[in-house]
Undergrad: 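Got a structure for you, questions after.
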Amino acid sequence: MIQPLLLRVHPHDNVAVVANEGGLPAGTVIGAGCVGAGLVFSEKVPQGHKVALQKIPAGEPVRRYRVSIGHALRDIEAGSWVHERLLQMPEARSFDGLPVACERPVDLGPLEGYTFEGYVNSDGSVGTRNLLAITTTVQCVAGVVEIAAERIRRELLPLYPNVDGVVALEHSYGCGVAIDAAGAEIPIRTLRHISLNPNFGGEVMIVSLGCEKLQPERLLPVGSIPMTAGGQPALHTVCLQDAQHVGFASMIDSIVSSARPHLERLDARRRQTVPASELVVGVQCGGSDALSGVTANPAVGAMTDLLVRAGATVMFSENTEVRDAVDQLTARAATPEVAQAIVRELAWYDQYLHRGQVDRSANTTPGNRAGGLSNIVEKAMGSIVKSGSAVISHVLPPGEKLRRDQRGLVFAATPASDFICGTLQLAAGMTLHVFTTGRGTPYGLQACPVLKVATRTDLARRWHDLMDVNAGRIAEGQISIEQAGRELFDLLLDVASGRRTWAERWRLHNALVLFNPAPVT
Ligand code: CA
């Protein structure tokens with residue numbers, strides 16, 4: 001007989017989540033001393049889904065995370081399954097009268113003495129990997145660049161053993177777009193800033209077609225390119241339409257030979273011991289279920305708090321998944337200006353969605369709902385816990401790059417799409433990505449390690465060679481949220497120092513996806 005296990009986030013919640021694998025059948029009785037003691041299940045409730053702890057009359061709020069995630073559309077009896085068809089979603093929180101810069105966590109003091117082995121760049125930033133990136137101005141060149149990159153991997157990388165890999169920065173932008181329209185600066189600066197990610201060691205190679213709208217000088221203006229020790233810009237541009245190119249092979253030869261000096265400089269670098277404060281971590285969730293907000297995301301939140309105390313930078317994002325918690329964010333802002341910037345970004349995103357005649361409710365997926373997340377409010381409350389409890393020090397618009405003095409907890413405003421969020425966090429300067437998933441996704445990025453955290457033991461077991469950490473142990477009572485956060489923190493420092501994640505071992509990665517709110521032509 002399995003022990004029924006219900007998880008309730010806050011004592012005032014009138015629902016709890018079923019933690020048991022396979023769910024709990026009708027007739028289940030919750031034993032004394034447990035959350036929901038004495039409750040009798042009137043129907044089967046799947047894992048990750050909610051059960052009513054008490055009768056919830058029609059029109060009354062269903063409370064989880066201490067907040068209303070919706071109103072009951074009809075009477076819900078104690079012990080019954082509370083699924084999305086029984087809930088009316090509340091209105092989005094207005095931007096008027098928000099609490100500002102008033103909530104402060106208990107000060108636990110700085111965490112000192114933690115280090116990792118990283119690659120120090122000339123601008124002072126620190127990479128966790130030593131990669132050669134090949135930037136492209138336009139999708140037209142992507143096929144050629146990928147073949148050249150494959151040849152560099154095969155023929156040159158064995159000669160430069162300290163270089164971790166070659167990344168072709170392929171994307172669908174660059175031409176056939178309204179390049180001067182409002183919003184077009186977002187994909188352009190995103191590409192520029194990704195090319196300068198700390199994991200690329202300040203070396204820049206550009207492959208251009210020739211006739212495209214996004215010319216190399218516009219993508220990377222002269223002043224934006226790092227200098228070599230010899231005082232020259234660390235830049236090569238190969239233009240496929242140049243008259244010197246006769247035939248396909250000559251294009252490949254040009255790209256391969258221009259890679260050599262970059263590989264030589266990258267290969268001469270060695271990892272050095274640096275303080276943990278040099279880490280720039282992006283956190284994200286995808287393929288979420290109702291346990292995301294109970295196990296994996298709170299563990300990531302505990303990790304975030306440790307990182308911030310160690311002086312590191314942690315970015316959280318996903319506009320539609322924080323929109324319903326805007327009051328929590330503005331309350332945690334370091335200053336009124338930071339609170340205003342949070343509202344500015346989220347209000348802009350509201351308008352962006354409005355132009356497409358949708359709202360934040362377009363976020364949840366069929367998989368989210370099958371996994372027990374009734375709506376975006378419930379998903380948002382479980383998503384935002386990844387940001388921990390620290391004050392929010394900075395806000396970054398999409399595609400912008402963090403300055404070296406912008407540290408601590410940062411709200412990097414991005415769409416919630418896994419690929420767009422990851423792409424924008426890379427542009428911001430992310431060198432390590434922590435990704436939580438409940439339904440399961442094999443997500444990976446080529447430009448930085450992705451550490452994946454499973455919300456459930458069942459997923460961690462089935463995807464044993466894709467998931468790096470099993471936060472499902474929290475639901476089983478084997479480990480506390482704080483312990484899981486500490487484990488993640490330690491593992492992160494190892495990964496930053498070169499230990500490979502599962503996605504890296506399989507060389508699994510997804511495409512870069514640019515956020516382009518401007519028209520195409
Ligand atoms: Ca996401």
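Along the sequence shown, residues are numbered consecutively beginning with 1. Counting starts at 1 for both ligands and their atoms, following the listed order.
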Undergrad: Please give me the minimum heavy-atom distance between Ser374 and Glu84, naming the atom from each residue.
TA: O-CB, 3.3 Å

Undergrad: Is it true that some N/O/S atom of Cys285, main chain or side chain, lies under 3.0 Å from the Ca ion (ligand 1)?
TA: yes

Undergrad: Looking only at N, O or S atoms, which one in Asp418 sits nearest to the Ca ion (ligand 1)?
TA: OD1

Undergrad: Which atom name would you report as the N, O or S atom of Glu318 nearest the Ca ion (ligand 1)?
TA: OE2

Undergrad: Between Glu476 and Arg473, does any NZ, NE, NH1 or NH2 come within less than 4.0 Å of an OD or OE carboxylate oxygen?
TA: no

Undergrad: Checking Arg360 against Tyr352: charged group under 6.0 Å from the ring centre and within 45 degrees of the axis?
TA: no

Undergrad: Examine Gly286 and say whether one of its N/O/S atoms is closer to the Ca ion (ligand 1) than 3.0 Å.
TA: no

Undergrad: Flag Gln284 as yes if one of its N/O/S atoms falls below 3.0 Å of the Ca ion (ligand 1), otherwise no.
TA: yes

Undergrad: So that I can tick it off, tell me whether Arg404 and Asp123 are bridged by a salt bridge, with the cut-off set at under 4.0 angstrom between side-chain N and carboxylate O.
TA: no

Undergrad: What closest approach, in Å, do Thr137 and Leu214 show between heavy atoms, and which atom pair accounts for it?
TA: CB-O, 3.2 Å

